[in-house]
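In what follows, every heavy atom counts, from backbone to side chain, and hydrogens, waters and symmetry copies are set aside. We name chains A, B, ... by the order of the sequence lines, and we start the count at 1 in each one.
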There are 2 protein chains.
Amino acid sequence: MTLKEFSKTIGMSQTTVSRALGGYPEVNEATRRKIREAAEQYNYHPNSRATGLATGRSMMIGHILATRTRHEMVNPIFGDFVASASKTYAEYGYDMMFTRVEDGNEEASYLKLKARQVLDGLVVQGPTVKDAHIPILKKIGIPFVVHGRSSELTESYSWVDVNNRAAFKRATQFLIDLGHRRIGLINGLEHMDYAFRRREGYTEALLESGIEVDPALMSCDEMTEAFGYQRAQQMLQTDAPPTAFVVSSLISAFGVRRAAEQRGLVLGKDFSVVCHDDDLSYFENGRDVPIFTSTRSSVREAGRLLAELLIEKISNPKMKDRHILLEAALVVGTSTGPAPSAG
Amino acid sequence: MTLKEFSKTIGMSQTTVSRALGGYPEVNEATRRKIREAAEQYNYHPNSRATGLATGRSMMIGHILATRTRHEMVNPIFGDFVASASKTYAEYGYDMMFTRVEDGNEEASYLKLKARQVLDGLVVQGPTVKDAHIPILKKIGIPFVVHGRSSELTESYSWVDVNNRAAFKRATQFLIDLGHRRIGLINGLEHMDYAFRRREGYTEALLESGIEVDPALMSCDEMTEAFGYQRAQQMLQTDAPPTAFVVSSLISAFGVRRAAEQRGLVLGKDFSVVCHDDDLSYFENGRDVPIFTSTRSSVREAGRLLAELLIEKISNPKMKDRHILLEAALVVGTSTGPAPSAG
DNA sequence: ACCGAATTTGAAAGCGCTTTCGAATTGACC
DNA sequence: GGTCAATTCGAAAGCGCTTTCAAATTCGGT
């Protein structure tokens with residue numbers, strides 16, 4: 001059913017109907033109510049493409065799926081992040097789409113996206129330390145907000161990020177306070193900005209306590225269970241094994257625990273683990289009492305905040321860039337305890 | 001840059017340019033090449049909304065985010081599934097969007113979606129045993145394909161699914177052949193069709209071997225690590241503990257292992273585990289040698305096949321419904337071995 | 001050189017909406 | 001009751017494209 005048909009059916013002009021449904025003030029409230037009810041009854045909804053063509057806005061927000069990492073690795077936080085952002089988009093009448101942007105072809109991809117006018121704004125996820133997408137988007141002039149930051153970039157842009165440095169500094173400090181001196185770092189790939197910052201926080205805490213930073217205790221890779229297992233195992237085999245681990249993901253933390261328990265060590269007693277917990281809906285850190293002591297920051301909350309920021313930016317393109325820095329909570333679970341005495 | 005501007009710039013009519021870029025045969029190949037090059041140079045791409053309005057197609061495929069399960073649980077396979085499907089969509093010129101459909105409000109949501117003409121086709125993910133979405137979509141007449149099936153529905157629809165029943169029957173049979181008689185089932189929520197079918201396969205294998213089906217050995221819940229741990233622990237505490245587990249997800253399998261290892265049992269020796277492995281990019285089952293013996297079926301492959309099927313259905317709406325049943329491979333890892341002798 | 005068929009191009013209508021601008025209606029006030 | 005301002009409504013243009021239909025061009029055959 002088109003606007004033309006619908007307005008004829010209810011005996012009104014297209015203009016009035018359009019204005020009534022669009023919420024414009026020029027129409028009598030009684031009329032508006034009547035039209036709204038009729039629209040409901042006949043299931044009339046404006047054709048989005050026509051609306052978009054007429055208004056010049058598409059009411060669509062894109063999330064880019066960068067085919068950056070090998071094997072097209074999908075970040076495990078992706079689902080939750082998207083789900084929460086999409087909820088906010090929906091509340092403001094936006095739809096949400098995905099866009100693949102090929103590595104090395106970013107500029108052409110974004111230019112095309114802009115020319116096609118298929119979306120009003122973009123979300124950049126998982127930026128690297130020196131992210132290629134951000135300057136291109138700025139240059140082209142597509143409104144965007146970054147989930148995370150890109151440390152080596154100088155330009156200004158809006159972002160929502162967890163204070164990864166502070167979180168990992170605090171986690172490490174927490175372990176130091178418990179008497180640990182050899183603390184292993186099981187980190188994500190360090191060209192990713194979040195992992196880079198976490199390492200900074202880790203080393204900073206060590207240095208401030210006068211503890212030597214030992215490269216043999218630091219590792220980074222895709223955050224799988226197998227990786228956590230493998231690296232923890234390696235570290236534990238050495239002459240001076242760590243008594244604690246700071247781990248970048250809950251998934252890998254399970255691997256770390258497995259490696260240590262296989263050596264007969266008891267979690268929270270013989271060895272401690274602090275990990276980061278994105279509070280994913282399908283990957284919970286225990287039920288009531290958290291298993292792992294963790295730096296917790298809800299990726300769903302980040303998604304919501306980011307969506308709101310982006311929508312604001314879209315409706316007001318001259319808005320100054322804004323930065324939202326979320327502090328992770330240090331949640332104490334059963335995975336940490338005093339360093340075992342050397343004796 | 002609009003078509004009008006662009007064609008004036010290169011001194012051609014809008015018609016010719018449109019036809020050249022659209023790949024229509026009525027235009028000279030030399031002309032077409034020239035126009036293509038010019039489009040590249042000026043970065044001209046047709047406005048998607050205008051194209052859509054003129055053609056009546058939106059070149060957009062939707063995936064529904066059903067806010068069905070509590071806590072807005074996002075399925076962990078979501079990311080990989082979407083990433084692979086979107087790749088196929090892109091190859092055929094389709095964009096991909098998300099749509100939230102509120103529980104209990106499906107009909108209105110879909111009617112609106114149809115009226116707005118914002119998408120050409122839909123993917124239904126994670127159907128329940130008697131799914132509400134499917135009959136509604138059929139009635140309304142939106143082209144769709146289901147990832148999974150809905151056992152208690154009688155109507156016909158296209159789907160892509162793993163043969164969950166056969167996979168779990170085979171997994172159970174495999175354990176029986178190794179001498180296991182008490183086999184625990186750690187399953188997903190059984191109102192979900194995949195979990196329902198897996199239980200069927202499990203019980204079928206037991207019955208065929210004359211083994212009693214013990215309700216105490218069957219459990220279902222959200223497939224978290226904590227759940228696997230908790231239920232395995234419970235089962236292991238009984239007088240007649242299981243010597244093997246069939247587990248619906250790799251994540252929960254880690255929990256099962258943890259519970260057993262905590263009791264001093266050795267995986268692959270004192271107890272065996274077979275789990276389902278969706279071959280997720282961020283959750284690998286070991287590196288070279290799989291940790292867990294598993295029924296493996298790539299969710300990425302399913303996404304690709306489903307995308308192709310849906311695109312076919314969109315371009316040919318009268319197409320007969322098609323069904324793609326993927327057989328899971330039984331991949332032997334190190335988590336299974338002969339049942340420990342009772343002695 | 002000319003005709004008709006085949007090929008290539010162009011003018012313009014239409015897709016379904018929003019929005020401008022002018023017309024019609026209403027109400028207040030003298 | 002008449003006038004003017006305020007309110008409400010409607011005709012029509014325009015958003016950027018596709019596609020129909022007709023016109024222009026090319027070309028082979030005589």
Side-chain angles (χ1 to χ4, degrees), chain A residues 1-36 38-39 42-60 93 95 111-120 315, chain B residues 1-36 38-39 42-60 93 95 111-120 315:
Chain A
M1 168 167 282
T2 69
L3 173 60
K4 196 169 163 186
E5 292 163 11
F6 175 61
S7 28
K8 183 178 288 179
T9 306
I10 64 169
M12 296 255 156
S13 84
Q14 301 186 30
T15 314
T16 308
V17 171
S18 172
R19 280 203 278 239
L21 296 176
Y24 291 83
E26 303 93 332
V27 55
N28 190 307
E29 271 310 320
T31 313
R32 187 195 305 280
R33 199 166 41 246
K34 219 170 53 193
I35 293 179
R36 283 240 170 94
Y42 290 98
N43 187 43
Y44 169 74
H45 299 276
N47 179 314
S48 295
R49 292 192 301 272
T51 307
L53 187 56
T55 59
R57 282 168 298 124
S58 64
M59 296 308 283
M60 179 78 78
D95 286 316
L111 276 172
K112 180 168 176 185
L113 221 43
K114 169 139 195 193
R116 292 177 59 217
Q117 295 198 48
V118 77
L119 43 76
D120 294 336
S315 37
Chain B
M1 167 164 282
T2 68
L3 174 60
K4 197 169 164 185
E5 292 163 11
F6 175 62
S7 28
K8 184 179 286 177
T9 305
I10 64 170
M12 296 256 157
S13 84
Q14 301 185 31
T15 314
T16 308
V17 171
S18 172
R19 280 204 278 241
L21 296 176
Y24 290 83
E26 303 92 333
V27 54
N28 191 308
E29 270 312 318
T31 313
R32 187 195 307 279
R33 199 165 40 245
K34 220 169 52 196
I35 293 178
R36 283 240 169 93
Y42 291 98
N43 188 42
Y44 169 74
H45 298 276
N47 179 313
S48 296
R49 294 193 299 274
T51 306
L53 186 56
T55 60
R57 281 169 298 124
S58 63
M59 296 309 282
M60 179 78 79
D95 287 316
L111 276 172
K112 180 168 176 185
L113 220 45
K114 169 139 195 192
R116 293 177 57 219
Q117 295 197 47
V118 77
L119 44 75
D120 294 336
S315 36

Point to revise | Sugar-phosphate, base or nothing in reach of B/Tyr44, heavy atoms under 4.0 Å | key: sugar-phosphate
Review point. Choosing from C/dC15, D/dT20, D/dC17, which nucleotide comes nearest the side chain of B/Thr15?
Key: D/dT20
Check your understanding: Of B/Glu29 and B/Thr55, whose closest DNA chain C nucleotide lies nearer the 5' terminus?
Key -> B/Glu29
Check your understanding: Starting at CG of A/Asn47 and ending at P of C/dG16, how long is that distance when rounded to a whole Å?
Key -> 7 Å
Practice item. Find the distance B/Phe6:CZ to D/dC15:C1' and express it as a whole number of Å. Key: 20 Å
Point to revise | Phosphate contact (D/dT8 OP1 or OP2) by A/Thr16 side-chain N/O below 4.0 Å | key: no
Practice item. Would you kindly check whether a donor in the side chain of B/Ser13 faces an acceptor in the base of C/dA11, or vice versa, at under 3.5 angstrom? Key: no
Exercise for review: Grab the CD-P distance between B/Gln14 and C/dT9 for me, whole Å please.
Suggested key: 15 Å
Practice item. Specify the residue among B/Val27 and A/Leu53 whose closest nucleotide of DNA chain C lies further upstream toward the 5′ end. Key: B/Val27
Practice item. Tell me, yes or no, whether the heavy-atom count around A/Arg36 atom CZ, taken from other residues, nucleotides or ligands under 6.0 Å, exceeds 12. Key: yes
Review point. From A/Gln117 CD over to B/Thr2 OG1, what is the distance, rounded to the nearest 0.5 angstrom?
Key: 10.0 Å
Exercise for review: Return the value, rounded to whole Å, for the distance between atom CD1 of B/Ile35 and atom P of C/dT9.
Suggested key: 8 Å
Point to revise | Step-by-step side-chain contact (heavy atoms from CB on, under 4.5 Å) determination, B/Tyr44 to B/Thr9 | key: CA-CA 11 Å; B/Tyr44 169 74; B/Thr9 305; over 6 Å; no
Practice item. Go through the N and O atoms of the side chain of A/Arg19 and the base of D/dG10, and report whether any donor-acceptor pair is under 3.5 Å. Key: yes
Revision key, fill the gap. Looking only at D/dC15, C/dC17, D/dT20, the nucleotide nearest the A/Thr2 side chain is C/dC17
Point to revise | Nearest-Å distance for atom pair CG/P, residues A/Leu3 and C/dT19 | key: 13 Å
Revision key, fill the gap. Of the listed C/dT9, D/dT18, C/dC17, the closest approach to the B/Ser18 side chain comes from D/dT18
Review point. Choosing from D/dG16, C/dT8, C/dT18, which nucleotide comes nearest the side chain of B/Asn28?
Key: C/dT8
Review point. Which residue, A/Val17, A/Ile35, A/Thr15, forms the side-chain contact (heavy atoms from CB on, under 4.5 Å) with A/Ser7?
Key: A/Val17
Check your understanding: Just how far is it from atom CE of B/Met60 to atom CG of A/Asp95, taken to the nearest 0.5 Å?
Key -> 7.5 Å
Point to revise | Between C1' of D/dC9 and NZ of A/Lys8, the distance in whole Å | key: 18 Å
**Study point:** Distance, rounded to the nearest Å, where A/Lys4 contributes NZ and C/dT18 contributes C1'
**Key:** 16 Å
Check your understanding: Over how many whole Å does the gap from A/Glu26 atom CD to D/dT7 atom P extend?
Key -> 12 Å
